[in-house]
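Lettering of chains follows the sequences in order, A, B, ..., and the numbering in each one begins at 1. For clarity, every value in this text was computed on a predicted model and none was experimentally measured. Because only heavy atoms are used, hydrogens play no part in the values below, and waters and symmetry mates are left out as well, while side chains stay in.
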Protein chains: 2
Amino acid sequence: MSDQAPSIADAQFEGTGYSYTMSLIRGKYKMAILYCLMEFQPVRFNEMRRYLGRITDKTLSANLKELEADGLIARQEYPQIPPKVEYSLTELGESLMEVLDQLCTWGETHMSGSVVAP
Amino acid sequence: MSDQAPSIADAQFEGTGYSYTMSLIRGKYKMAILYCLMEFQPVRFNEMRRYLGRITDKTLSANLKELEADGLIARQEYPQIPPKVEYSLTELGESLMEVLDQLCTWGETHMSGSVVAP
DNA sequence: CGGCATCCGTGACGATACTG
DNA sequence: CAGTATCGTCACGGATGCCG
């Protein structure tokens with residue numbers, strides 16, 4: 001039931017797919033990490049840190065854990081010296097990137113107000 | 001430097017369309033505001049505040065100003081007593097919503113599998 | 001190399017009161 | 001009704017140091 005036109009009076013943002021998706025990619029670096037993986041996976045910890053610019057170990061580490069917990073990325077650890085860990089996108093992560101990639105396209109199209117020369 | 005495949009060594013996230021798009025919708029409520037407008041525009045200030053749940057006047061006001069400055073939403077003020085202001089999406093805002101709407105769809109599809117019990 | 005522990009700064013956001 | 005002003009809080013992220 002209740003399949004009538006939604007009214008703003010009782011509508012809610014919480015609980016929408018929107019809200020859920022945003023919770024996954026919130027944060028200064030979440031999307032950058034995913035973007036990095038999409039283009040260069042598998043990627044090692046320090047590779048990614050360099051790519052992201054000024055991110056700190058702590059922040060990167062925390063973000064990677066969250067993304068892993070959310071099922072978007074996979075962590076592959078090689079028990080050796082020196083340690084080696086590679087990150088990559090899961091199937092879920094890849095499916096999300098297909099959508100997020102369009103955000104990139106949109107941004108490139110519309111940031112023209114401030115075209116940044118290469 | 002030829003036009004070979006990009007290497008992670010000198011790639012950068014800053015400056016991508018991605019980065020630009022995210023800068024527009026960052027924040028706890030930015031997307032919720034846009035989403036609200038997409039479904040119910042034009043929307044008045046207090047209507048939106050109720051829709052967004054626990055947002056304060058200050059935060060809502062600040063976010064609306066930013067979105068307006070970014071050209072995503074339009075503000076229509078009616079000089080009368082009591083005051084009346086309506087917000088709606090600009091063409092640019094609408095074009096962004098077409099993309100963001102897919103985030104919603106993705107979220108609805110994938111949040112069912114990993115519902116986190118409260 | 002790939003982390004974790006700790007301390008700390010900042011800015012987004014909340015609560016409340018007030019104004020045109 | 002549609003904000004503005006002021007204050008307080010807290011998560012996010014930065015800097016540094018240590019460890020397997």
Asker: Is the number of heavy atoms from other residues, nucleotides or ligands within 6.0 Å of CD (B/Glu108) greater than 12?
Answerer: yes
Asker: Phosphate oxygens OP1/OP2 of D/dT4: is one of them under 4.0 Å from a side-chain N or O of B/Ser61?
Answerer: yes
Asker: Whole angstroms only, please: what is the CG-P distance between A/Leu64 and C/dG3?
Answerer: 7 Å
Asker: I need the residues from residues 27-53 of chain A with at least one non-hydrogen atom less than 4.0 Å from DNA chain C; give them sorted by number, or say none.
Answerer: A/Arg44, A/Phe45, A/Asn46
Asker: Parallel, tilted or perpendicular for B/Tyr18 and A/Tyr35, by the 30°/60° rule?
Answerer: tilted
Asker: Parallel, tilted or perpendicular: which describes the rings of A/Phe40 and A/Tyr51, with under 30° parallel and over 60° perpendicular?
Answerer: perpendicular
Asker: Closer than 4.0 Å, any side-chain N/O of B/Thr59 to the OP1 or OP2 of C/dG14?
Answerer: yes
Asker: Checking all strands, does A/Tyr78 fall into the base, sugar-phosphate, or nothing category for heavy-atom contacts under 4.0 angstrom?
Answerer: nothing
Asker: Is a side-chain donor-acceptor pair under 3.5 Å present for A/Thr56 with A/Thr59?
Answerer: yes
Asker: What about A/Lys84, does its side chain sit under 3.5 Å from the base of C/dG2 through a donor-acceptor pair?
Answerer: no
Asker: Which heavy-atom pair separates A/Arg44 from A/Glu47 by the least distance, and what is that distance?
Answerer: N-OE1, 2.9 Å
Asker: Please state how far atom CG in B/Leu60 lies from atom P in C/dC13, giving the value in whole angstrom units.
Answerer: 11 Å
Asker: Rounded to whole Å, please give me the gap between CG in A/Asn63 and P in D/dA11.
Answerer: 16 Å
Asker: Of all of residues 66-76 of chain B, which get a heavy atom below 4.0 angstrom from DNA chain C, listed by number?
Answerer: none
Asker: So, for A/Ala32 and A/Leu52, which heavy atoms are closest and what is the spacing to 0.1 Å?
Answerer: CB-CD2, 3.4 Å
Asker: Looking at B/Leu24 and B/Leu67, what are the two nearest heavy atoms and their distance?
Answerer: O-CD2, 4.0 Å
Asker: Considering all heavy atoms of both residues, which atom of B/Lys30 and which atom of B/Ile25 are nearest to each other, and what is their separation?
Answerer: CB-O, 3.5 Å
Asker: Taking atom types as modelled, is there a side-chain donor on A/Glu86 or A/Tyr78 under 3.5 Å from an acceptor on the other?
Answerer: yes
Asker: Could you please name the option among D/dG3, C/dC1, C/dG14 that lies closest to any side-chain atom of A/Pro82?
Answerer: C/dC1
Asker: For a quick check, tell me whether the side chain of A/Lys58 and the base of C/dG3 share a donor-acceptor pair closer than 3.5 Å.
Answerer: no
Asker: Which of the following nucleotides, C/dC1, D/dT4, D/dC1, is nearest to the side chain of B/Lys65?
Answerer: D/dT4
Asker: When the distance from CG of B/Asp57 to P of D/dT6 is rounded to whole Å, what number comes out?
Answerer: 16 Å
Asker: Rounded to whole Å, please give me the gap between CD1 in A/Ile55 and P in C/dG2.
Answerer: 14 Å
